[in-house]
Amino acid sequence: APVTGLADNYFGDYLGIAAREGMVYPSWTDNRNSVAQTFVSPFRLGPEPGEPYIAYQSSHYNDSVSGNGNNLAEYGEEGTLDLSLRNLGDTPDSNVFVTLGADSPFLSILDSTENFGNFLPWESRTIAGGFRIKVSDSVPNGERLILSVTTLGQSDSAVISYFTLQAHAPELRIRDMIVDDSAGNNNHSLDPGETCTVRIRLENPTVYPAEDVICSLHSLQDFVQMT
């Protein structure tokens, strides 16, 4: 329905957007009635009325028992997850079982299931330390580990939602490179027919040590030979 006066002397895209309890309220300017007016067209984003919809709300990683206690998901580390879920539907559900899954080759789920009990409409529930995970020791630094949360209650309607954890690990980067062609023309460039030594210096900008590092150099072009 139009709102008179709010959009006077203004035309553009959306004026604003708000959301509450599964409903979205976009507003925009329109002059279809020969006068600038603001229109609002609510729509539902989420479950249909009369259904529970229990999904991921938030999480907290805890490594105080088996890690270093900084609550960061680090390479080779085990930890637990505090998981919060919310019923976004307007109908209660009971005996809700939750299964945690990993959509990442760098993450293993050691304890994957919990019973969250009963949910009222719009109710949130949290279980601390209910799930245990292990981060691979080969995970790339900054990798987003994707986890899935599957909920199933007495309504017999499964809901799958997702969240991510950021992994922390050592990270090797090329700092600089020198072409040593002192046996050739010594111009520090790769010239046709020339044999040279390539010296590469690496750096690790993280706080994690990189141990027993093995590097290999390959060419994607067949006219360069490695010896």
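Keep in mind that what you see is a predicted model, and the values were worked out from it rather than measured. These numbers come from the heavy atoms of this one structure, side chains and all, not from hydrogens, waters or symmetry mates.
Under a 3.5 Å cut-off, the side chain of Ser148 and the backbone N or O of Tyr162 do not form any donor-acceptor pair. With hydrogens and angles ignored, the 3.5 Å screen pairs no side-chain donor or acceptor of Asp103 with any backbone N or O of Ile146. A donor-acceptor pair under 3.5 Å is formed between the side chain of Asn87 and the backbone N or O of Leu120. Although no hydrogens or angles enter the test, the distance criterion places a donor-acceptor pair under 3.5 Å between the side chain of His188 and the main chain of Val179. Checking side-chain atoms of Asp82 against main-chain N and O of Ala128 turns up no donor-acceptor pair under 3.5 Å.
A continuous path of hydrophobic side-chain contacts links Ile200 to Val224 [ILVMFWY only; heavy atoms under 4.5 Å]. Residues Ile174 and Ile178 are members of separate hydrophobic clusters, defined by side-chain heavy-atom contacts under 4.5 angstrom among Ile, Leu, Val, Met, Phe, Trp and Tyr. Leu152 and Val98 fall into different hydrophobic clusters, defined by Ile, Leu, Val, Met, Phe, Trp and Tyr side-chain heavy atoms under 4.5 Å apart, directly or through other members. Residues Phe106 and Ile109 are members of one and the same hydrophobic cluster, defined by side-chain heavy-atom contacts under 4.5 angstrom among Ile, Leu, Val, Met, Phe, Trp and Tyr. Connection of Phe163 to Val159 is not established within any shared hydrophobic cluster, with ILVMFWY side chains joined at heavy-atom distances below 4.5 Å, either directly or through further cluster members.
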Go through the steps to decide whether Phe119 and Leu85 satisfy the test side-chain contact (heavy atoms from CB on, under 4.5 Å), and finish with yes or no. CA-CA 9 Å; Phe119 283 82; Leu85 306 178; 4.1 Å; yes

Pair Thr195, Thr227 - check side-chain contact (heavy atoms from CB on, under 4.5 Å), show working. CA-CA 10 Å; Thr195 299; Thr227 59; 5.8 Å; no

Worked check of salt bridge (Lys or Arg N to Asp or Glu O under 4.0 Å) between Glu78 and Arg132: CA-CA 7 Å; Glu78 290 185 20; Arg132 178 170 289 275; 3.6 Å; yes

Starting from the C-alpha separation in whole Å, work towards a yes-or-no answer on side-chain contact (heavy atoms from CB on, under 4.5 Å) for Gln154 and Asp93. CA-CA 6 Å; Gln154 291 299 109; Asp93 206 354; 3.8 Å; yes

Is there a side chain to side chain donor-acceptor pair (under 3.5 Å) between Asn118 and Asn95? Walk through the geometry before answering. CA-CA 6 Å; Asn118 305 330; Asn95 199 28; over 6 Å; no

From CA spacing to verdict: side chain to side chain donor-acceptor pair (under 3.5 Å), Ser136, Ser138: CA-CA 5 Å; Ser136 169; Ser138 60; 2.9 Å; yes

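Using a 4.5 Å heavy-atom threshold, the side chains of Thr113 and Leu100 count as separate. The shortest side-chain heavy-atom distance between Ser84 and Ser124 does not fall under the 4.5 Å cut-off.
In this view, Pro192 satisfies the side-chain contact (heavy atoms from CB on, under 4.5 Å) rule with no residue, not counting sequence neighbours. Glu51 meets the salt bridge (Lys or Arg N to Asp or Glu O under 4.0 Å) test with no other residue; sequence neighbours excluded.
Around atom OH of Tyr53, no more than 12 heavy atoms belonging to other residues, nucleotides or ligands sit under 6.0 Å away. When the shell of 6.0 Å around CE of Met177 is examined, it contains 12 or fewer heavy atoms from other residues, nucleotides or ligands.
Of all heavy-atom pairs between Phe131 and Leu83, the closest is CE1-CD2, 3.5 Å. Here the shortest heavy-atom pairing between Cys196 and Asp180 reads CB-O, 3.2 Å. Residues Thr206 and Pro170 share a closest heavy-atom pair of OG1-CA, 3.4 Å. Considering all non-hydrogen atoms of both residues, Asp181 and Ser189 come closest at OD2-O, 3.4 Å. The nearest pair of heavy atoms linking Pro140 to Ala167 is O-CB, 4.1 Å. Here the shortest heavy-atom pairing between Ser161 and Tyr56 reads OG-N, 2.9 Å.
In the model, Asp191 has a side-chain atom that pairs as donor or acceptor with a side-chain atom of Asn185 under 3.5 Å. Between the side chains of His218 and Ser216, at least one donor N or O lies within less than 3.5 Å of an accepting N or O. At a cut-off of 3.5 Å, with distance as the only test, a side-chain donor of Glu74 or Asn68 sits close to an acceptor on the other residue. A donor-acceptor contact closer than 3.5 angstrom is absent between the side chains of Thr99 and Thr150.
In this structure, CG on Asn187 lies 6.0 Å from CD on Glu194, to the nearest 0.5 angstrom.
Aromatic rings of Tyr75 and Tyr208 (six-membered ring for Trp) have centroids within the 6.0 Å cut-off, being under it.
With respect to Lys134 and Glu77, no salt bridge is recorded, no charged nitrogen being found less than 4.0 Å from a carboxylate O.
None of Thr80, Leu145, Asp63, Leu107 except one satisfies the side chain to side chain contact (heavy atoms under 4.5 Å, CB included) rule with Ile133; the exception is Leu107.
Within the structure, salt bridge (Lys or Arg N to Asp or Glu O under 4.0 Å) pairs that include any residue of residues 159-178 comprise Glu171-Arg173, Asp176-Arg201 (at least two apart or interchain).
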